[in-house]
Amino acid sequence: MASFIVRRFFTSLLALVGATLIIFSVSRLLGDPRVLLLPDDAYGITEETWEELSRQLNLDKPIPVQYALWVWDLMRGDLGRDLTDRHKIADKIPVKIAPTLKLAVSAWILATLIGIPLGVLSAVKRGSIPDYIGRTFALLGQTLPVFWIAILSILIFAVWLNWLPSGTMGEGFSLKHYVLPTSTLAWFAAAGYVRLVRSAMLEVLDSEFIKLARAKGVKYNSVIWKHAFKNASIAPLTYSGVLLAGFITGSISVEVVFAWPGLARFAVEAVWTNNFTVLAVVTLMFTAAFIATNFLVDILYAFIDPRIRYS
């Protein structure tokens with residue numbers, strides 16, 4: 001187990017290094033980095049200023065040295081400057097990532113609390129009305145576009161019924177402002193839970209050890225949750241880890257429609273303004289989130305299913 005963790009850690013680190021290499025290479029392939037850092041009204045720049053900018057960006061050094069210095073700056077927390085206002089990106093990231101984490105965690109919890117029980121119920125009551133309800137919920141959740149659900153929910157609950165605000169985070173912690181974006185973001189994920197849990201549970205429920213447990217008179221709830229669900233939890237666990245990282249990185253449509261001041265919306269605005277420095281930092285953060293969650297999920301496998309052995 002320990003050797004697997006060490007090996008998996010280094011492969012994750014290798015993947016992260018690969019991501020930094022790609023981002024650094026793109027920054028050089030797009031053209032001269034000095035042009036990106038110059039303000040739009042920088043006409044008639046002197047040769048001395050141009051050379052000074054080269055020294056600041058380490059462009060007078062070989063490419064491998066430039067990459068090493070760029071990575072070192074990232075490790076020290078020097079993420080560069082926003083090209084729109086020349087402010088440090090490191091000062092903006094905590095402000096932007098906090099709303100995204102709040103939205104992602106709340107949607108992840110809601111999707112898990114709804115999707116897993118509904119998937120189990122759909123499998124246990126196969127062919128019944130609860131099963132059809134769960135399958136319909138999953139079908140609609142994974143076929144309807146998230147941005148369309150967001151717009152429709154604003155139209156119904158904010159415009160027609162005037163029950164909930166149409167967007168933004170509000171002042172402080174306002175539960176009303178979280179209802180629409182959280183439920184919209186969680187529906188697609190809950191639908192995925194239902195499909196995965198139902199499929200895995202149906203396979204396990206037809207196993208011989210489940211039939212034996214029922215024949216021995218084991219309590220119904222113990223058969224379902226202790227024996228069946230525990231053996232069917234590998235697929236939902238994998239989905240859960242990727243889902244949380246996906247919420248952090250993929251809540252773009254929800255943040256844009258609901259005017260949520262998060263990291264995903266910050267990345268979209270960087271694309272619109274051709275703000276490469278911000279986009280590079282956000283992309284690297286998104287990649288690190290996926291690598292970290294996959295690493296943790298792999299380790300959790302052995303604790304959930306004792307049949308899995310790492311060698």
Quick check: does any side chain N or O of [X] sit under 3.5 Å from a backbone N or O of [Y], one acting as donor and the other as acceptor?
X      : Y      : value
Trp260 : Pro99  : yes
Gln142 : Ala191 : no
Ser106 : Thr182 : no
Thr293 : Phe290 : yes
Ser199 : Arg195 : no

To the nearest 0.5 Å, tell me how far [X] [atom1] sits from [Y] [atom2].
X      : Y      : atom1 : atom2 : result
Thr136 : Tyr132 : OG1   : OH    : 9.5 Å
Asp78  : Ile89  : CG    : CD1   : 9.0 Å
Leu164 : Tyr178 : CG    : OH    : 14.5 Å

Less than 4.5 Å apart, side chain to side chain, heavy atoms only: is that true for [X] and [Y]?
X      : Y      : answer
Leu284 : Leu79  : no
Met201 : Ile224 : yes
Val71  : Phe24  : no
Trp70  : Ile23  : yes
Val204 : Phe229 : no
Phe286 : Val282 : yes
Thr184 : Phe258 : yes

State plainly whether one hydrophobic cluster holds both [X] and [Y], where clusters connect Ile, Leu, Val, Met, Phe, Trp and Tyr through side-chain heavy atoms under 4.5 angstrom apart.
X      : Y      : value
Leu144 : Val257 : yes
Ile133 : Leu202 : no
Phe209 : Val124 : yes
Ile154 : Phe147 : yes
Leu139 : Tyr193 : no

Heavy-atom closest pair, residues [X] and [Y]:
X      : Y      : value
Asp131 : Arg126 : OD2-CA, 3.4 Å
Ala270 : Val278 : CB-CG1, 3.8 Å
Ser253 : Val146 : OG-CG1, 3.7 Å

Query raised in the report: Using 30° and 60° as the class limits, which term best fits the ring planes of Trp163 and Phe157: parallel, tilted or perpendicular?
Result: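 Trp163 vs Phe157 ring planes: tilted.
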Query raised in the report: Please walk me through it: do Met285 and Ile97 pass side chain to side chain contact (heavy atoms under 4.5 Å, CB included)?
Result: CA-CA 10 Å; Met285 293 181 64; Ile97 199 173; 3.6 Å; yes
Query raised in the report: Is there a donor in the side chain of Tyr67 and an acceptor in the side chain of Ser25, or the other way round, less than 3.5 Å apart?
Result: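 No, Ser25 and Tyr67 have no side-chain donor paired with an acceptor closer than 3.5 Å.
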